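Only heavy atoms go into these numbers, but all of them, side chains included; no hydrogens, no water, no symmetry mates. Values in this document were obtained by computation on a predicted structure and should not be read as measured data. Just so you know, residue 1 is the first one in the sequence shown, and it goes up from there.
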Amino acid sequence: MTSTGNGGEKMGAAAKKKGQGPASLPWTVRFQALALSAACDMSQRRDGTVNRFLFSLVDRQTRASSRPDARGVRSADVAVDASRGLWARVFSPSEEAEQTGQASLPVVVYFHGGGFALLSAASTPFDAMCRRFCRDLGAVVVSVNYRLAPEHRYPAAYDDGEDVLRYLGATGLPVDISIPVDLSRCFLAGNSAGGNIVHHVAHRWTTSSDKSPSNKNPVVRLAGIILLQPFFGGEERTEAELRLEGVAPIVNMRLSDWSLRAFLPEGADRNHPAAHVTGEAGPEPELQDAFPPAMVVVGGLDPLQDWQRRYASMLQRKGKAVQVVEFPDAIHGFYMFPELPDAGKLVNDVMATFIETNTPDH
């Protein structure tokens with residue numbers, strides 16, 4: 001693992017190391033990655049639609065439960081806007097498990113991956129991952145079940161993310177969550193397509209003037225954003241995409257192209273500013289002073305890694321605080337497999353340190 005930032009070290013030094021192929025993975029991980037790839041291939045139709053019934057056969061779901069699990073984490077589903085099916089799953093420690101000594105806990109608003117078109121906050125891997133975040137980060141986690149493409153194209157997912165923040169500011173968390181939280185310590189986090197959503201929601205939230213609830217309600221302040229192998233792209237084929245095509249599991253150029261076609265406005269190419277945010281094929285986004293510190297996690301066996309480093313470089317050019325964390329042997333989505341050592345390092349070392357470092361003194 002290599003961590004670099006804009007404090008004097010050259011960002012992405014580990015990027016120059018070219019892996020020869022996927023690291024030796026446990027057979028259970030290889031099997032799950034193969035099954036996920038096959039399910040995506042079979043469910044994504046050539047006409048750009050999704051066979052949701054077929055994908056549901058392999059998309060294991062976990063129900064929310066008010067009963068704490070073995071590690072003291074409970075969950076509840078909250079309707080944000082029932083008219084459009086927008087809801088979130090809230091993970092909180094039980095009173096018995098909450099022993100951090102903090103007067104209040106930070107909030108992590110999480111956006112799942114799935115190429116903008118697949119999976120949900122109830123998908124078992126994301127439910128389990130958010131439980132780990134809640135337990136190991138000492139935070140309340142709000143996992144957003146945003147609307148999926150192609151039924152709901154750009155900018156639906158971004159609208160949903162921003163509206164969840166407004167909901168938290170105006171309504172707060174469910175009344176049965178007795179653990180106090182501090183919405184001035186709100187972190188956005190997301191993996192893959194969810195990482196893309198994190199950037200755009202943070203951009204919109206720190207740009208819009210229509211985000212403050214009434215004076216008697218708390219204001220959501222973004223203390224930091226965590227992008228786990230975010231899904232950015234463009235018409236260009238990068239070195240990593242070409243080198244790892246047919247080699248790296250889970251992500252390939254065909255899958256990435258299909259996902260962007262399903263999400264972006266009809267007729268748009270991959271240089272659309274929702275996908276291409278790094279300035280090579282158009283203007284860079286204008287970021288406000290309030291844009292929060294960022295951490296970008298990069299895997300050395302992820303075909304999307306060059307886009308992720310370019311994103312971090314763009315933030316650096318804009319004068320924003322950014323930390324790049326490199327896992328040289330990590331495949332795309334490695335954090336979904338708790339049996340991989342890097343998954344534990346990511347949560348217990350990297351994410352925990354980032355949240356602690358960017359938590360305002362109280």
Side-chain angles (χ1 to χ4, degrees), residues 12 108-121 123 125-126 129-130 133 137 141-146 148-149 154-155 157-158 160-162 164-165 186-206 222 224-234 238 240-241 250-251 255-256 259-260 263-264 270 272-278 285 287 291-315 320 322-327 330-336 342-343 346-347 350-351 354-355:
V108 175
V109 178
Y110 195 79
F111 298 89
H112 67 81
F116 302 102
L118 300 170
L119 302 170
S120 74
S123 295
F126 293 125
M129 190 162 65
C130 287
F133 291 163
L137 299 178
V141 178
V142 179
S143 182
V144 180
N145 198 71
Y146 56 88
L148 299 177
Y154 163 91
Y158 305 159
D160 290 351
E162 194 174 8
V164 167
L165 295 184
C186 182
F187 293 82
L188 303 185
N191 70 287
S192 196
N196 174 298
I197 296 170
V198 162
H199 163 76
H200 287 284
V201 170
H203 183 207
R204 292 168 66 158
W205 188 252
T206 53
L222 299 187
I225 57 174
I226 301 171
L227 300 92
L228 308 178
Q229 299 178 304
F231 181 12
F232 299 116
T238 67
E241 285 176 312
I250 298 180
V251 169
L255 177 63
S256 296
S259 297
L260 290 178
F263 174 64
L264 296 175
R270 296 190 301 272
H272 186 279
H276 195 292
V277 300
T278 53
L287 303 180
F291 191 86
M295 182 178 75
V296 182
V297 174
V298 179
L301 296 174
D302 180 4
L304 302 176
Q305 61 187 275
D306 291 337
W307 294 112
Q308 295 153 10
R309 295 192 191 95
R310 290 185 187 183
Y311 171 73
S313 296
M314 180 273 292
L315 293 183
K320 303 305 177 184
V322 56
Q323 177 187 4
V324 178
V325 181
E326 303 259 2
F327 289 89
I331 62 172
H332 190 83
F334 70 96
Y335 30 77
M336 296 173 60
D342 281 346
L346 171 67
V347 179
V350 176
M351 293 179 66
F354 181 82
I355 289 176

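- Aromatic ring pairs are classed by plane angle as parallel below 30°, tilted from 30° to 60° and perpendicular above 60°; the pair Phe334 and Phe327 is tilted.
- Side-chain contact between Leu315 and Phe291: present, with at least one pair of heavy atoms (C-beta onward) separated by less than 4.5 Å.
- A pairwise comparison of heavy atoms in Gly115 and Ser259 identifies O-CB, 3.5 Å as the closest pair.
- Of the possible donor and acceptor atoms, none in the side chain of Gln305 sits under 3.5 Å from a partner among the backbone N and O of Glu326.
- With hydrogens and angles disregarded, a donor-acceptor distance shorter than 3.5 Å links the side chain of His200 to the backbone of Ala274.
- Side-chain contact between Phe187 and Met351: absent, with no pair of heavy atoms (C-beta onward) separated by less than 4.5 Å.
- In this structure, Val325 and Met295 have side chains that are in contact, with non-hydrogen atoms separated by less than 4.5 Å.
- Of the options Phe126, Phe133, Tyr335, a ring pair (Phe, Tyr, Trp, His ring centres under 6.0 Å) to His112 is made by Phe126 and by none of the others.
- Residue Ser192 holds its OG atom at 9.5 Å from CD1 of Ile197, rounded to the nearest 0.5 Å.
- Residues satisfying the salt bridge (charged side-chain N to carboxylate O under 4.0 Å, His left out) test with Asp302, not counting sequence neighbours, are none.
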Run the side-chain contact (heavy atoms from CB on, under 4.5 Å) check on Met129 and Val347 step by step: do they pass?
-> CA-CA 10 Å; Met129 190 162 65; Val347 179; over 6 Å; no

Quick one: do Ser313 and Thr278 satisfy side-chain contact (heavy atoms from CB on, under 4.5 Å)? Show the steps, please.
-> CA-CA 8 Å; Ser313 296; Thr278 53; over 6 Å; no

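- With Asn191 contributing its side chain and Gly113 its backbone, the two residues share a donor-acceptor pair below 3.5 Å.
- In this structure, CD in Glu241 is found 6.5 Å from CG in Leu304, a value given to the nearest 0.5 Å.
- Looking at Asn145, its side chain does come within 3.5 Å of a backbone N or O of Ala121 through a donor-acceptor pair.
- The two atoms that bring Leu222 and Ala202 nearest to each other are CD1-CA, 3.8 Å, heavy atoms only.
- Between the CG atom in Leu228 and the CE atom in Met336 there is a gap of 11.5 Å [rounded to 0.5 Å].
- No close placement of the His203 and Tyr158 rings is indicated, their centers lying 6.0 Å or farther apart.
- Not one N or O on the side chain of Gln323 forms a donor-acceptor pair closer than 3.5 Å with the backbone of Phe354.
- Counting heavy atoms from C-beta outward, Pro230 and Val296 have side chains that approach closer than 4.5 Å.
- Scanning both residues, Tyr154 and Leu264, for their nearest heavy atoms gives CB-CA, 4.3 Å.
- Closest approach of Val297 and Leu346 over heavy atoms only: CG2-CD1, 3.7 Å.
- Side-chain atoms of Asp342 do not come within 3.5 Å of backbone N or O of Ala330 as any donor-acceptor pair.
- The shortest heavy-atom contact between Pro292 and Ile225 is CG-CG2, 3.6 Å.
- Note: Phe116 and Phe231 meet the aromatic proximity criterion, with ring centroids under 6.0 Å apart.
- Residues Glu162 and Leu165 are not in side-chain contact: their nearest non-hydrogen atoms beyond the backbone lie 4.5 Å or more apart.
- Of all non-hydrogen atoms in Gly234 and His276, the two that sit nearest each other are CA-CD2, 3.7 Å.
- Under a 3.5 Å cut-off, the side chain of Gln308 and the backbone N or O of Val298 do not form any donor-acceptor pair.
- Here the side chains of Asn196 and Val277 are not in contact, with every heavy-atom distance at 4.5 Å or above.
- Taking the six-membered ring for Trp and the full ring otherwise, Tyr311 and His199 have centroids separated by under 6.0 Å.
- Counting heavy atoms from C-beta outward, Leu119 and Leu148 have side chains that stay 4.5 Å or more apart.
- You'll find the side chain of Val141 stays beyond 4.5 Å of the side chain of Val109, heavy atoms only.
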CA sep, side-chain torsions, deciding dist, call: Leu287, Met314, side-chain contact (heavy atoms from CB on, under 4.5 Å) | CA-CA 10 Å; Leu287 303 180; Met314 180 273 292; 4.3 Å; yes

